[in-house]
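Accompanying notes for the structure given below.
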Amino acid sequence: MRVKYEGVSFAYGSTEALRDITCEFGSGRTVLIVGHNGSGKSTFLRMMNGILKPAKGTVYLGDVPTKEKSTSELARRCALSFQNPDDQLFAQSVAKELRFGIDNIGADGSLLQPIIETFHLGEHLGSNPYSLTYALRRLVAIGGSSAMNTPVLALDEPTAGLSIREKEYLGGLISLLKKQGKTIVIVTHDLNFLLPYADDMLMLSHGMAQFCGRKEALFERGDGRELMRRSGIRYPVYARISAALGSDRVCFGPEEIIDLAAKK
Amino acid sequence: MKILSFQSFSVSYSADAPPALRNISLDVNERESVVVSGLSGSGKSTLCLAAAGLLETYPAVKRQGVILRHGKNGSEEPRTAVVLQNFYAQITYLRSTVLEEIAFPCENIGLSREETFRRVGEAVEKIRIGHLADRNPLELSGGEKQKVVLASAIAVRPDLLILDEPLSQLDPETTAYLGDVLTELKKDMALLIAENDPYLTLKVADRLVVLDEGSIVSDGRTETAINESTARYLDLPAWTVCVAEAAKKGLIRKEPASSLYELDYRSAIKMLRGHG
Ligand SMILES: Nc1ncnc2c1ncn2[C@@H]1O[C@H](COP(=O)(O)OP(=O)(O)OP(=O)(O)O)[C@@H](O)[C@H]1O
Ligand SMILES: [Mg+2]
């Protein structure tokens, strides 16, 4: 399902958070939203599943403007996992937490088992989420949202607080959902880990879209580096390494660098 | 001089839970920065809670061994400030502006108005949150809240600053300058930082402690602590990942594998270019 923002603005009282955002993510794309702290990333996501409605402009999920739908109807189209997992978790056990969203919207639960396996949550199903480490709580929160099997999935900072082991699990989940044709929209500061999974990027600065499009296009632009700097983004380290190795094509992860080295 | 000393310290969150920390012996000296890394569940957060004296708030906790604290100038307790992994819970809910929020802990330790004012200003400048000064601390983005809690912690000028994953919600630019801020702070205080970000570790750590399942598996100077036996518990710098992978595939023929982990960026690029 495609996602489209048309001239979207939003303010919390007198604090402007998004200004005149226009962008579109095609169906089945994996999108990274990046930008400095306070640039409007979480606000953008909250608008995607209708927790917030635009003050100006229109957000479309598929062909439907979010304005015209109730929150529960939107929940069938887009699931959102929060920046702070503790804002999301409340069930007595991991098993109940993972099922909650599915039952709530009457979803097909066929993703539940694969998610439990990908995240290695099997041994924790009976535990109270609050007895788990922060990283596991985050996996439970992400797992519960993903299990709702919505065509669009929004993740706010999914790698924050994860160690390398759980990050790999998360990578597994993204690959799995991508194969199912989901549109996955991820807010992150962790470009070094997530860029290899991404198709598109949206870069925000002070509530404005600085770039929206294929990730390669950002790196091919003459002013790409400058745009990233202005948005509080450091040039990703694998891109830096590929440039240092004299590659004319930018690399996003270690595999591509190894391929480059193999050709030398 | 030692400021904090764990001596054969073990802890479990309840009688039937496996130990979260096992037989930990660890010293943190004045003006020393110690980074603690390890996989999730290895005990980093428990170590931070214990160091901050916050384990007492868990009623069912069982522990063994001791933690000794030595303050400056012969005082018994070092002044300690902490930013928890769940920093959201540290916002006081008592103050209506960011400046007042940051002033709260200074007022709590009885500093004068002028001194509080001076320290809050300094912290705001260090963490670069002047633009948030008059905002309500409850109405901020995640990263903005993390910065406010961090500023509150450094404003009291502690002898020991404990940070549990301080970079988790920060944008890359902030992450980069926070490394400089911490290096500067180290001149006046000891730092105990639970963090897996290898770039921060390389920048600020005098020592790297690696935990696995509650035990210390390595404790030493940062340059040598990242090695073949600790690599599997750590996020490695991107260039190290590339060189290690290339070596596995036989693309780099050279010395014993252990030295691959001591690489800096330049030597890694050289190796990947094929003339290392
Ligand atoms: N509940 C709120 N009330 C008022 N203002 C808010 C609220 N939440 C966020 N803001 C403000 O709206 C703007 C955008 O915030 P948002 O949370 O979308 O940023 P973000 O890009 O997600 O930042 P971070 O990387 O820190 O999570 C910021 O200026 C922020 O201070
Ligand atoms: Mg956010």
Side-chain angles (χ1 to χ4, degrees), chain A residues 12-13 15 17 34-43 82-87 131-139 156-157 159-167 189-193 228-229 231-238 240-241 244-246 251 253-255 257-258 260-262 264, chain B residues 13-14 17 37-42 44-45 85-86 88-89 129 131-132 135-136 139-147 164-165 167-176 196 199 232-239 241-246 248-249 251-252 265-266 268-269 271-275:
Chain A
Y12 299 93
T15 309
V34 299
H36 60 80
N37 291 129
S39 58
K41 303 180 298 296
S42 296
T43 307
F82 296 166
Q83 183 164 0
N84 179 7
D86 296 345
D87 287 344
S131 71
L132 303 177
T133 64
Y134 186 85
L136 284 172
R137 295 208 296 282
R138 186 174 290 285
L139 290 188
D156 201 345
E157 309 255 13
T159 66
L162 302 190
S163 63
I164 185 69
R165 179 177 56 198
E166 297 83 28
K167 281 198 208 179
H189 298 300
D190 197 351
L191 281 181
N192 290 338
F193 182 74
M228 284 184 230
R229 196 188 58 72
S231 304
I233 303 308
R234 304 194 87 207
Y235 201 67
V237 60
Y238 292 105
R240 192 171 133 211
I241 294 175
L245 293 178
C251 297
E255 283 81 14
I257 301 280
I258 305 301
L260 263 188
K264 297 254 164 197
Chain B
Y13 283 98
S14 66
S37 295
L39 297 175
S40 146
S42 62
K44 302 186 296 296
S45 292
Q85 186 159 40
N86 182 14
Y88 296 99
I129 48 175
H131 61 292
L132 302 176
R135 299 274 304 277
N136 183 327
E139 295 175 353
L140 298 173
S141 76
E144 289 168 345
K145 282 183 182 161
Q146 192 166 22
K147 289 178 188 172
D164 193 354
E165 303 220 17
L167 307 182
S168 63
Q169 312 288 335
L170 300 184
D171 61 51
E173 187 185 303
T174 309
T175 296
N196 281 323
Y199 311 104
R232 65 194 151 126
Y233 307 116
L234 301 173
D235 257 343
L236 298 170
W239 52 88
V241 171
C242 292
V243 169
E245 283 299 309
K248 252 189 233 161
K249 298 217 161 131
L251 296 170
I252 291 174
Y265 177 75
R266 277 159 193 274
I269 296 293
M271 289 190 108
L272 291 166
R273 276 200 184 127
H275 27 250

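Not measured: the values here are computed from a predicted model. What you see below is based on every heavy atom in this structure, not just the backbone, and it leaves out hydrogens, waters and symmetry mates. Chain identifiers are assigned alphabetically (A, B, ...) following the order of the sequence lines, protein sequences preceding nucleic acid strands; residue numbering begins at 1 within each chain.
Checked against side chain to side chain contact (heavy atoms under 4.5 Å, CB included), B:Glu245 has the following partners two or more places apart in sequence or in another chain: A:Ile258, B:Val241, B:Lys248.
Note: B:Glu144 leads B:Lys249, B:Glu144, B:Arg232 in heavy-atom pairs under 4.5 Å with chain A. In terms of non-hydrogen atom pairs under 4.5 Å with chain B, the most contact-rich of A:Val237, A:Ile241, A:Ile257, A:Leu260 is A:Ile241. Among the candidates B:Ser14, B:Ala89, B:Pro237, B:Gly142, the residue making the largest number of heavy-atom pairs closer than 4.5 Å to chain A is B:Gly142.
Heavy atoms closer than 4.5 Å to chain A are found in the side chain of B:Ser141, but not in its backbone. For chain B, the nearby parts of A:Gln83 are the backbone and the side chain; heavy atoms of each come within less than 4.5 Å. Residue B:Leu170 touches chain A through both its backbone and its side chain, counting heavy-atom pairs closer than 4.5 Å. Using a 4.5 Å cut-off between heavy atoms, B:Ser45 does not touch chain A at all. Using a 4.5 Å cut-off between heavy atoms, B:Lys44 does not touch chain A at all. Heavy atoms closer than 4.5 Å to chain A are found in the side chain of B:Tyr265, but not in its backbone. At a 4.5 Å heavy-atom cutoff, the contact between A:Thr15 and chain B is made by side-chain atoms alone. Looking at A:Ile233, both its backbone and its side chain come within 4.5 Å of chain B, counting heavy atoms on both sides. The contact between A:Arg229 and chain B is made entirely by backbone atoms, counting heavy-atom distances below 4.5 Å. The contact between A:Lys167 and chain B is made entirely by side chain atoms (from C-beta outward), counting heavy-atom distances below 4.5 Å. The part of A:Thr133 that comes within reach of chain B is its side chain, from C-beta onward, which places non-hydrogen atoms under 4.5 angstrom from that chain. Looking at B:Glu165, only its side chain comes within 4.5 Å of chain A, counting heavy atoms on both sides.
Geometric assessment of A:Arg234 against the ring of B:Tyr199 yields a negative cation-pi assignment under the 6.0 Å and 45° thresholds.
Using a distance-only test at 3.5 Å, with no hydrogens or angles considered, a donor-acceptor pair links the side chain of B:Gln146 to the main chain of B:Gln169.
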